Amino acid sequence: MLTVHWEMQRLAEEFYHGHRVLKLLRATIAAMRSSGHTGPIRIVDVGCGIGYTIRWLAARSMLHKEDVELTGVDLNSTLVNEANRLATQEALPCRFFHGNAFSADLRGHIYISTGVLHHFRGDSLIAFLRQHGNETTQAFVHYDFQPWALAPFGSWFFHVIRMRTALARHDGVLSTARAHNAHTLVSAARAAVPELTAGIYGAKIWNTPAPRVFHALVGFRPALVPQLKQSLGRMLGELP
Amino acid sequence: MTLLLLFLLASLDGALCGCRTSMGRCPLIHNRKYYVMGVLRGVFAAQIVSGFSLICLLLVVAFSRNPQLLRADLVESARRMLFVFLPYAALVLANIALRIVPSTDLRSATSVFFLGPLTGIRPLVMITGVVAGIWRAQLHQTVFLGLFVLTLMLSVEFALNSYCNRLQQRQIRSLV
């Protein structure tokens, strides 16, 4: 399992996933501070695996110096132990926990995830998103594969060339085939957490019709939306 | 000059093989040193292959009945190989250079649309280049040397991958 997760981290490295998440988080945190949030902000990576995103944020950004706590939560204890080991090895200011990310002791202000949403189908997706509906939650940013006609073929080709383990190859292709479209994601979010304004972030490359490999289902407290629209511009599509 | 260019291309190929075979095996965030080691390992492997090829070439030339003709035939074959290898290398280097631009989309695009596929067709390019070189060769020795070097170069990535895999498995066993 560790071999596969180490290898899958390569995908995040090649797609500069840390940079992408940081850009969105910076805008979200700035909007929260502008709207009067003065205390610490806790970011929770749901289904963090070996914690690449959080460790990258801890290593490459100054978020921890801005009273932002970086945490990751996963249901798999082996992966959580590995994430903590790696963070300790590099003395990174972040922590990883084994358990439910939405439980009272682990919950945060901003939830993020990568490649998690497509694991939930139908009612399960709504049930997953409904867990964001507590008074602490200010925003969520869930990155996942964006489905389009060529995605499974592109993913197959990319994984055959880049991945070595059969499981990583299989999982990567299956994930693109199972990915939800923007309409499904936004509808589920609006049904599950109507108190948060939901939309899709980063669906298209620049101003072209070409789709990005990943898009993000985002949700924000309505008070944050005007400033986020201003700072993120056209990247923030389908947000009412 | 032609042989020197081939040597430089072999070293570049070794460096990229070394980087590629190291990828996805180090989960740390600060992994520049790890990748530099991977690149150096690849360059080193390419030097071994180049050195071994040079020894074989010198031996074949030394025992040839017509060393002048063989030398000319080898240089001409190598020159034809460059017609395939140089554009390929230029394309690879141009895409690597594009990654200097601070755009996550552009960097990802070079990986998905160019560097990935270029990696995929690498064995084909190597075979095409060598076949193009030895196709009109006048001497059997030139054909033999071309195929010999091709086999060695194709085995570099396999050997590096096996080595890196052994290192990684040892590391994971120590963790579990």
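It should be emphasised that the depicted structure is a prediction, and the values quoted were computed from it without experimental measurement.
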| query | Is a side-chain donor-acceptor pair under 3.5 Å present for A/Arg20 with A/Thr114? | reply | no

| query | Counting heavy-atom pairs under 4.5 Å to chain B, which of A/His19, A/Gln9, A/Met8, A/Gln89 comes out on top? | reply | A/Gln9

| task | Pick one of side chain, backbone, both or neither for A/Leu92, based on which atoms fall under 4.5 Å of a heavy atom in chain B. | result | side chain

| query | In terms of heavy-atom proximity below 4.5 Å to chain B, should A/Leu2 be classed as side chain, backbone, both, or neither? | reply | both

| Closest-packed option against chain B by number of heavy-atom pairs under 4.5 Å, given A/Ile50, A/Leu11, A/Leu86 | A/Leu86

| message | Please confirm whether the ring centroid of A/Tyr143 lies under 6.0 Å from the ring centroid of A/His17. | response | yes

| said: In terms of relative ring orientation, are B/Phe52 and B/Phe148 parallel, tilted or perpendicular, with 30° and 60° separating the classes? | reply: tilted

| task | Select one option (side chain, backbone, both, neither) describing which atoms of A/Tyr52 are under 4.5 Å from chain B's heavy atoms. | result | both

| task | Could you tell me which portion of B/Arg99 (side chain, backbone, both or neither) has an atom closer than 4.5 angstrom to a non-hydrogen atom of chain A? | result | side chain

| A/Arg85/A/Glu82 salt bridge by N-O under 4.0 Å criterion | yes

| message | Can you tell me which portion of B/Asn165 sits under 4.5 Å from chain A's heavy atoms? Options are side chain, backbone, both or neither. | response | neither

| remark: Checking heavy-atom separations under 4.5 Å from chain B, one finds in residues 64-80 of chain A none

| note | Honestly, the part of A/Phe158 sitting under 4.5 Å from a heavy atom of chain B is side chain

| field | Partner set under side chain to side chain contact (heavy atoms under 4.5 Å, CB included) for A/Gln230, not counting sequence neighbours | value | none

| task | Please check if atom CZ in B/Phe83 has more than 12 non-hydrogen atoms from other residues, nucleotides or ligands closer than 6.0 Å. | result | no

| query | Measuring heavy-atom distances to chain B, does A/Arg55 have an atom under 4.5 Å in its side chain, in its backbone, in both, or in neither? | reply | both

| field | Side chains of A/His142 and A/Leu185 in contact at under 4.5 Å (non-hydrogen atoms) | value | no

| Carboxylate-amine/guanidinium proximity below 4.0 Å for B/Glu76 and B/Arg79 | yes

| field | Greater than 12 external heavy atoms within 6.0 Å of A/Arg60's CZ | value | yes

| task | Sort B/Leu118 into side chain, backbone, both or neither according to what part of it lies under 4.5 angstrom from a heavy atom of chain A. | result | neither

| query | Can you name the one residue among B/Gln168, B/Gln171, B/Gln169 that meets side-chain hydrogen bond (donor to acceptor under 3.5 Å, both in side chains) with B/Arg25? | reply | B/Gln168

| Is the closest side-chain heavy-atom distance between B/Val156 and B/Asp13 below 4.5 Å? | no

| Region of B/Ser103 in contact with chain A, defined by heavy-atom distances below 4.5 Å | side chain

